[in-house]
Amino acid sequence: MRTAGKAEAGAPFPRAEFDGTLGLMREGYRFIGRRCDRAGRDGFHTRLMLRDVLCLRGAEAVDLLYESPDFTRRGAMPGWVLRLLQDKGSVQQLEGAEHRARKALFTRLLIESDADATLARIFGAALLERIGRGGRVNVLRDTVAPLSRAACDWCGLGADFAGDRALAAALFEMSDRAGFPGPGSWAALARRRRVEARLAAAVREWRRAGPPEAASPLADFCRATGERGRPLPPETVAVELLNLLRPIVAVGRYVAFAARLLILRPDWRERLRAAEEAEFDRFAEEIRRISPFFPFVGAISERPVHWRGETLDKGQWVIADLHGTCHDARRFPDPDAFLPGRRLDWRHPAPGFVPQGAGDPARTHRCPGEKVTVALIAEATRILTRGPAWTAPEQDLGIDLARIPARPASGVELDFGPARG
């Protein structure tokens with residue numbers, strides 16, 4: 001038996017209820033936090049879909065799942081979520097040396113390159129093109145095509161992919177329909193399968209013609225190797241390309257939360273008009289902290305682990321609350337207040353600042369896309385505060401935290417004046 005992290009004396013975590021599935025569906029992002037508050041502990045046992053699970057919150061719990069070698073991601077995600085978001089054979093499902101090698105490619109592409117500037121430039125131009133037509137803009141809906149164009153152009157996929165609005169919609173639905181199973185998620189999964197098949201066919205064609213000369217994620221994945229130095233199968237390349245495309249399009253949800261904040265807090269709209277560039281990054285980081293995006297992260301113990309008075313048997317399913325940890329008053333005083341003065345930074349994350357995971361992105365399962373995410377939110381915010389004038393019509397800006405992933409009810413409507421052309 002191993003002790004993960006700092007062992008703390010105490011009784012095992014209590015059991016909240018026999019099965020919490022309906023509670024999770026009713027409460028969404030609040031599910032773990034409410035039960036922890038009632039128990040007076042940062043964890044509890046329950047069942048989800050009749051499967052025993054230990055639910056945890058707090059910076060130490062998130063670190064445990066990301067940093068400890070005693071946990072694996074395999075088997076920790078419901079099947080429909082896995083297939084919509086990552087799929088089998090993806091970097092998030094790998095462990096050990098194979099994971100480190102694949103993750104190094106993602107880290108180089110997303111962190112060590114100028115991907116953030118390139119994507120922000122293409123996205124900003126496409127967003128301004130849409131805004132320039134005037135009329136009503138629904139931020140959640142109308143950022144999908146510009147983000148998809150930016151992602152496809154950067155990946156080197158060509159104009160057929162970059163200008164495909166059906167592809168853009170499919171990429172959006174992969175994350176938008178991942179919360180709970182139902183007809184919408186099955187339809188999104190079918191569309192994902194068609195996109196995967198199209199990408200795999202394109203990879204085969206590109207390989208027959210020879211890897212593209214221009215440097216791009218596509219070229220890198222066409223040359224990438226897996227076990228025994230063999231080229232990655234076209235189907236695996238397609239999955240990993242989607243693990244670049246889908247998250248970039250999903251950033252539009254953060255952009256919608258940023259636009260919502262600018263409506264509710266016009267003082268920030270005025271402040272950013274004349275702010276230094278660094279202020280946009282701080283604004284974006286606080287948007288990431290406060291907004292409901294990734295709710296939880298799951299893992300499975302691969303061997304017995306002792307942590308905080310609890311002995312976890314091999315095979316124990318554990319879920320840590322990312323959203324609740326970002327709203328933990330012990331780490332972030334007045335956690336529901338929007339305060340960019342906290343000066344959060346993905347490069348040097350404060351304990352508990354885990355909107356996209358914890359740990360070193362080069363060696364753990366923490367998302368390597370935070371640099372790009374911040375750049376895209378900042379670019380959209382820059383356009384909405386320094387670009388064409390807009391007004392906000394009457395609308396429902398409420399957020400239903402029972403819906404995973406959450407969104408502003410209206411999608412955030414902005415009026416850019418009379419439609420043109």
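Everything numeric here is computed off the predicted structure, so don't read it as measured data.
In this structure, Arg363 fails the cation-pi test against Tyr66, since its NZ or CZ atom is not both closer than 6.0 Å to the six-membered ring centre and inside 45 degrees of the ring normal. Judged by the 6.0 Å distance and 45° axis criteria, Arg198 is positioned over the aromatic ring of Phe161. Judged by a 6.0 Å distance limit and a 45° cone about the ring axis, Arg289 is positioned over the six-membered ring of Phe332.
Here Asp142 contributes atom CG and Leu414 contributes atom CG; the two are 9.5 Å apart, rounded to the nearest 0.5 Å. Here the straight-line distance linking atom CZ of Arg15 with atom CG of Leu54 works out to 9.5 Å at 0.5 Å rounding. For the atom pair CG (Leu312) and CG (Leu64), the distance works out to 8.0 Å, reported to the nearest 0.5 Å. Once rounded to the nearest 0.5 Å, the distance linking CE of Met49 with CG of Asp19 reads 8.5 Å. In this structure, OG1 on Thr118 lies 6.5 Å from CD1 on Ile122, to the nearest 0.5 angstrom. Summarising the geometry, atom CG belonging to Leu22 is positioned 9.5 Å from atom CD belonging to Glu17; distances are rounded to the nearest 0.5 Å.
Side chain to side chain, Ser301 and Gln316 fail the donor-acceptor criterion of an N or O pair below 3.5 Å. Side-chain N/O atoms of His45 and Glu310 include a donor and acceptor closer than 3.5 Å.
Closest non-hydrogen pair, Pro368 versus Pro361, comes out as CA-CB, 4.2 Å. When all heavy atoms of Cys222 and Val203 are compared, the pair lying nearest together is SG-CG1, 4.5 Å. Shortest non-hydrogen contact noted between Pro355 and Leu322 is O-CD1, 4.5 Å. Across every non-hydrogen atom of Gly28 and Ile404, the tightest pair is CA-CD1, 3.9 Å. Heavy atoms only, all atoms of each residue included: Asp63 and Ala358 are closest at OD1-CB, 3.5 Å. In plain terms, the two heavy atoms of His323 and Ser291 that are nearest each other are ND1-O, 3.9 Å.
Between Arg141 and Phe172, every side-chain heavy-atom pair lies at or beyond the 4.5 Å cut-off. Asp70 places none of its side-chain heavy atoms less than 4.5 Å from the side chain of Trp307. Considering only heavy atoms from C-beta on, Leu232 stays 4.5 Å or farther from Thr225 through its side chain. When side chains are defined from C-beta on, Cys152 does not count as touching Trp154, because their heavy atoms never get closer than 4.5 Å. Using a 4.5 Å heavy-atom cutoff, the side chains of Pro231 and Arg207 are in contact. In this structure the side chain of Val374 reaches within 4.5 angstrom of the side chain of Glu285, judged on heavy atoms. Looking only at side-chain heavy atoms (C-beta outward), Arg288 and Val354 stay at 4.5 Å or farther from each other. Side-chain contact check for Cys55 versus Arg35: every heavy-atom pair is 4.5 Å or farther apart.
Asn138 contributes a side-chain N or O that, together with a main-chain N or O of Ser410, makes up a donor-acceptor pair within less than 3.5 Å. A side-chain donor-acceptor contact under 3.5 Å links Gln395 to the backbone of Pro393. A donor-acceptor pair under 3.5 Å is formed between the side chain of Arg366 and the backbone N or O of Gly359. Using modelled atom types, one side-chain atom of Arg403 and one backbone atom of Pro405 make a donor-acceptor pair closer than 3.5 Å. Side chain of His327 to backbone of Ile290: a donor-acceptor contact under 3.5 angstrom is found. Distance alone, capped at 3.5 Å, is enough to place a donor-acceptor pair between the Arg260 side chain and the Leu397 backbone. When atom types are taken as modelled, the side chain of Glu370 and the backbone of Trp346 share no donor-acceptor pair closer than 3.5 angstrom. Of the possible donor and acceptor atoms, none in the side chain of Arg30 sits under 3.5 Å from a partner among the backbone N and O of Leu401. Remark: side-chain polar atoms of Thr46 are paired, donor with acceptor, to backbone N or O of Gly20 under 3.5 angstrom. Under the 3.5 Å distance criterion, the side-chain polar atoms of Ser216 are left unmatched by any main-chain donor or acceptor of Gly156.
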Using the rule given for side-chain contact (heavy atoms from CB on, under 4.5 Å), can you reason through Arg102 versus Thr236, listing the C-alpha separation, both sets of side-chain angles and the distance that settles it, and then say yes or no? CA-CA 11 Å; Arg102 187 83 57 84; Thr236 300; 3.8 Å; yes
Ile287/Val255 under side-chain contact (heavy atoms from CB on, under 4.5 Å): CA gap, chis, key distance, verdict: CA-CA 9 Å; Ile287 286 290; Val255 174; over 6 Å; no
Run the numbers on Phe293 and Thr373 for side-chain contact (heavy atoms from CB on, under 4.5 Å), then give the verdict. CA-CA 12 Å; Phe293 201 81; Thr373 300; over 6 Å; no
Given the rule in the salt bridge (Lys or Arg N to Asp or Glu O under 4.0 Å) test, do Arg34 and Glu27 qualify, once you have shown the distances and angles that lead to the verdict? CA-CA 9 Å; Arg34 283 177 171 172; Glu27 301 169 56; 3.5 Å; yes
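For the pair Glu173 and Arg191, the salt-bridge criterion is met [side-chain N within less than 4.0 Å of a carboxylate O]. Between Lys371 and Asp281 there is no salt bridge, since no side-chain N of the basic residue sits under 4.0 Å from a carboxylate O of the acidic one. In this structure, Arg47 does not pair ionically with Asp52, as no charged nitrogen and carboxylate oxygen lie closer than 4.0 Å. Electrostatic pairing of Arg386 and Glu277 counts as a salt bridge here, judged by a charged N lying under 4.0 Å from a carboxylate O. Salt-bridge annotation for Arg253 and Asp176: present, with a side-chain N of the basic residue lying under 4.0 Å from a carboxylate O of the acidic one. A salt bridge is defined here as a Lys NZ or Arg NE, NH1 or NH2 lying under 4.0 Å from an Asp or Glu carboxylate O, and Glu279 with Arg271 meets this definition. Taking a cutoff of 4.0 Å between a charged side-chain nitrogen and a carboxylate oxygen, Arg308 and Glu60 qualify as a salt bridge. Salt bridge Arg121/Asp114: absent, no basic N to carboxylate O contact under 4.0 Å. Salt-bridge check for Arg246 with Glu196: failed, with every basic side-chain N at 4.0 Å or more from each acidic carboxylate O.
With Val372 as the partner, the side chain to side chain contact (heavy atoms under 4.5 Å, CB included) test is satisfied by one option alone out of Leu109, Val251, Leu119: Leu119. A side chain to side chain contact (heavy atoms under 4.5 Å, CB included) with Cys155 is found for exactly one of Asp220, Leu245, Leu199, namely Leu245.
Around CZ of Arg149, the count of heavy atoms belonging to other residues, nucleotides or ligands within 6.0 Å does not exceed 12. Heavy atoms of other residues, nucleotides or ligands lying less than 6.0 angstrom from CZ of Arg273 number more than 12. Residue Arg265 places its CZ atom among more than 12 non-hydrogen atoms of other residues, nucleotides or ligands, all under 6.0 Å distant. For Arg343, the CZ atom is loosely surrounded, since the number of other residues' heavy atoms within 6.0 Å does not exceed 12.
Taking the six-membered ring for Trp, Phe257 and Phe338 have ring centres at least 6.0 Å apart.
Using cut-offs of 30° and 60° for the angle between ring planes, the Trp390 and Phe416 rings count as tilted. Ring geometry for Phe296 versus Tyr29: interplanar angle of 30 to 60°, hence tilted. Phe31 and Phe44 have perpendicular rings, their planes meeting at more than 60° on a 0 to 90° scale where under 30° would count as parallel.
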